[in-house]
Every structure is written in structure tokens, then in C-alpha cells.
Amino acid sequence: MALLTAEHLTFAYPNGLCALDDVSFSIEKTDCVGLIGCNGAGKSTLLSVLCGLSTPLNGTVTLDGIELTKENLALIRNMIGMVFQNPDDQLFMPTIYDDVAFGLQNRGYTPDVISRKVSTTLKHLHIEHLADRPPYRLSGGEKRSAAIATVLSMDPHLILFDEPTAFLDPRSKRNFIHLLRSMTAARLVATHDIELVSLACNRVLVLKDGKLLADDTPAHVFTNDALLEQAGF
Ligand SMILES: Nc1ncnc2c1ncn2[C@@H]1O[C@H](COP(=O)(O)OP(=O)(O)OP(=O)(O)O)[C@@H](O)[C@H]1O
Ligand SMILES: [Mg+2]
């Protein structure tokens with residue numbers, strides 16, 4: 001059974017703009033899937049629908065056999081982690097330690113477990129030294145790593161990334177690609193970064209005007225000139 005199944009997803013904004021048009025695909029437990037398409041193709045909208053922040057007009061999302069509905073929203077949110085495009089949307093506590101501990105506290109873990117999980121996650125991301133720093137005093141790349149830590153510490157089954165390498169310098173980008181490849185959870189990564197998709201993803205979804213143009217391996221997609229042209233690359 002696939003970890004996530006999206007069937008016939010259609011979404012329109014209140015102004016009537018149809019941002020997703022009958023999109024269907026699935027994600028397996030160990031998949032790292034790229035999500036590409038030009039500006040306005042619908043990538044961020046799709047991530048928002050998958051994690052229950054936006055409600056589709058039509059279609060269903062199923063995670064681990066549980067359908068995403070109002071009633072199941074809390075359950076699904078527990079299994080999905082979202083790394084937003086802007087880390088400032090994710091970091092709001094006085095220190096990075098507190099930010100990473102926040103979700104764990106909400107889950108009711110004991111202080112011992114929380115402290116252990118926070119330090120393991122910060123170490124894994126090589127940012128132990130940032131634990132006591134306030135988020136607004138960090139560089140863009142450091143903020144990005146901290147935002148990822150808040151998600152990873154929750155052991156999600158599926159992690160959604162929205163343009164994770166935007167504003168990263170080449171070294172930080174390489175580190176992120178390395179990290180992405182080392183993750184065991186399923187991953188869906190919206191990005192304009194073809195190198196990232198080629199190096200880290202086993203599949204890639206191509207969106208254009210809210211429609212899914214392709215669902216294939218990076219090797220097939222990036223050698224299909226007609227498809228890339230159609231997608232607006
Ligand atoms: N809040 C909103 N209200 C109305 N239309 C919106 C809203 N947010 C996005 N859109 C429109 O929906 C479409 C899809 O936008 P979306 O943000 O999903 O694209 P994207 O693929 O993430 O683009 P980018 O690469 O620029 O991040 C675009 O036409 C956009 O203008
Ligand atoms: Mg976007």
C-alpha cells in the first residue's frame with residue numbers, strides 16, 4: 001500500500017482561480033519525490049492541500065490508509081511535517097531549543113524525552129551550537145536548518161518541503177541535499193532546483209497550470225525536451 005494517495009485533487013482559490021486540476025499520484029514509504037513546475041504552476045498549493053491547510057473542492061488525500069477529513073485532520077497532521085518556504089513562518093519561540101521542543105511538548109512527552117529528542121535532532125543537523133540562540137539572530141541557512149529540525153524531531157512519516165534550497169549558498173545546498181538523501185521518511189520536495197531533484201529524488205512530478213504533466217524518474221523527465229518545453233522550463 002502506498003503511504004500517500006492523492007486522487008483527483010482539484011482546488012480553486014476564492015477568486016475562482018483553479019490552482020489544481022484533477023491531480024492524482026501516490027508516494028511510497030521510502031520515496032523522495034521532486035515537485036517541479038514554473039512559478040504559479042500550483043506546487044505550494046498542492047503541498048498546502050496535502051497537509052490539510054487548504055481544503056480541495058474535489059478529490060481525496062489518504063495517508064497510511066486514513067483519509068484526510070476535518071475529523072482526521074489532527075491525526076494526519078501528526079504524521080506529516082511541512083517545511084515552509086520561509087523559515088520565519090516556522091520559528092517563533094525565544095530560542096531554537098524552544099522551537100524544536102514546542103511540538104514535542106504539545107505531544108505530551110516527558111521533559112527527559114523532549115531534551116533527548118531535541119539534542120539528537122540538533123546534532124543530526126549539525127546545529128547544536130544554535131540551541132540557545134534566538135531565531136531572529138540567525139542567518140538564512142541556519143534558520144532553514146532550524147526549521148527542518150522542528151519538523152524532523154516529530155518523526156513524521158512524510159515531509160513536505162517548499163523550495164528548501166532557495167537562498168542557500170552552494171555549501172549549504174550540498175549539505176541539504178546530503179541530508180535529504182539520508183532521511184528515512186518519505187519526502188516531497190517542491191523546487192526549481194533541477195540538480196537537487198537529479199541528485200536526491202527517485203521520482204519527479206511535473207505541474208503546469210495546476211495539471212500534472214508527468215510522474216516519472218528524473219532521468220526520463222530531464223531528457224524529455226518536449227515535456228520540459230511544455231512545462232515552461
Ligand atoms: N492566496 C491566493 N489567492 C489567489 N490565488 C492564489 C493564491 N495563492 C496562489 N494563487 C495562485 O494560484 C496559482 C498557483 O500558485 P502556487 O503558489 O501554488 O504556485 P507555485 O507553483 O508554488 O509557484 P512558485 O514557484 O512561484 O512558488 C498561481 O496562479 C497563483 O497566482
Ligand atoms: Mg510556491
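In this chain, numbering begins with 1 at the start of the sequence shown. Read the numbers this way: they start at 1 and go in the same order the structure lists the ligands and their atoms.
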Determine whether a donor-acceptor pair (N or O, by modelled atom type, separation under 3.5 Å) exists between the side chain of Asp169 and the backbone of Ser172. yes

Does any N or O in the side chain of Thr10 come within less than 3.5 Å of the main-chain N or O of Asp22, such that one atom is a donor and the other an acceptor? yes

Considering Ser48, Ser54, Gly42, Ala190 one by one, which has a heavy atom nearer to atom 19 (O) of ligand 1 than any of the others? Gly42

Ligand 1 N/O within reach of Leu17 N/O, cut-off under 3.5 Å: no

Ligand 1 versus Thr45: contacting region, heavy-atom distance under 4.0 Å: both

State the atoms of ligand 1, each with its element, that fall below the 4.0 Å cut-off from a heavy-atom position in Asn15. 4 (C), 5 (N)

Check Lys143 with Asp88, please: is the shortest side-chain N to carboxylate O separation under 4.0 Å? yes

Using a 3.5 Å distance criterion without hydrogens, assess whether the side chain of Arg144 forms a donor-acceptor pair with backbone atoms of Gln85. yes

Under a 4.0 angstrom heavy-atom cut-off, which atoms of ligand 1 come close to Glu163? 24 (P), 25 (O), 27 (O)

Test item: Lys117 side-chain N/O and Ala101 main-chain N/O as donor-acceptor pair under 3.5 Å: no

Please check if the number of heavy atoms outside Phe167 that lie under 6.0 Å from its CZ is greater than 12. no

Protein contact to atom 10 (N) of ligand 1 [nearest heavy atom, distance to 0.1 Å]: Tyr13 CE1, 3.3 Å

Would you say the Mg ion (ligand 2) has Asn39 as a near neighbour, meaning an N/O/S atom of that residue under 2.8 Å away? no

Decide whether Thr150 and Asp99 meet the rule of one side-chain donor and one side-chain acceptor closer than 3.5 Å. no

Check Ser44 against ligand 1 and report side chain, backbone, both or neither, counting heavy atoms closer than 4.0 Å. both

Would you say atom 30 (C) of ligand 1 makes contact with the protein, given that contact here means a non-hydrogen protein atom less than 4.0 Å away? no

Would you mind telling me if ligand 1 is within reach of the side chain of Leu207, the backbone, both or neither, using heavy atoms under 4.0 Å? neither

What is the nearest protein non-hydrogen atom to atom 25 (O) of ligand 1, stated with its residue, atom name and distance? Lys43 NZ, 2.7 Å

Can Ile80 be reached from Leu73 by stepping across I, L, V, M, F, W or Y side chains whose heavy atoms are under 4.5 Å apart? yes

With a 4.0 Å cut-off on heavy atoms, does Gly37 reach ligand 1? no

Sub-4.0 Å protein heavy atom next to atom 17 (O) of ligand 1: yes

Might you confirm whether atom CZ of Arg181 has over 12 heavy atoms from other residues, nucleotides or ligands at distances under 6.0 Å? no

Distance under 4.0 Å to a non-hydrogen atom of His192: what atoms of ligand 1 satisfy this? 25 (O)

Please answer: with hydrophobic residues joined when any side-chain heavy atoms are less than 4.5 Å apart, are Leu158 and Val151 in the same cluster? no

For atom 26 (O) of ligand 1, which protein heavy atom lies nearest, and how many Å away is it? Asn39 ND2, 2.9 Å

Tell me: protein heavy atom nearest atom 23 (O) of ligand 1, and distance? Gly40 N, 2.8 Å

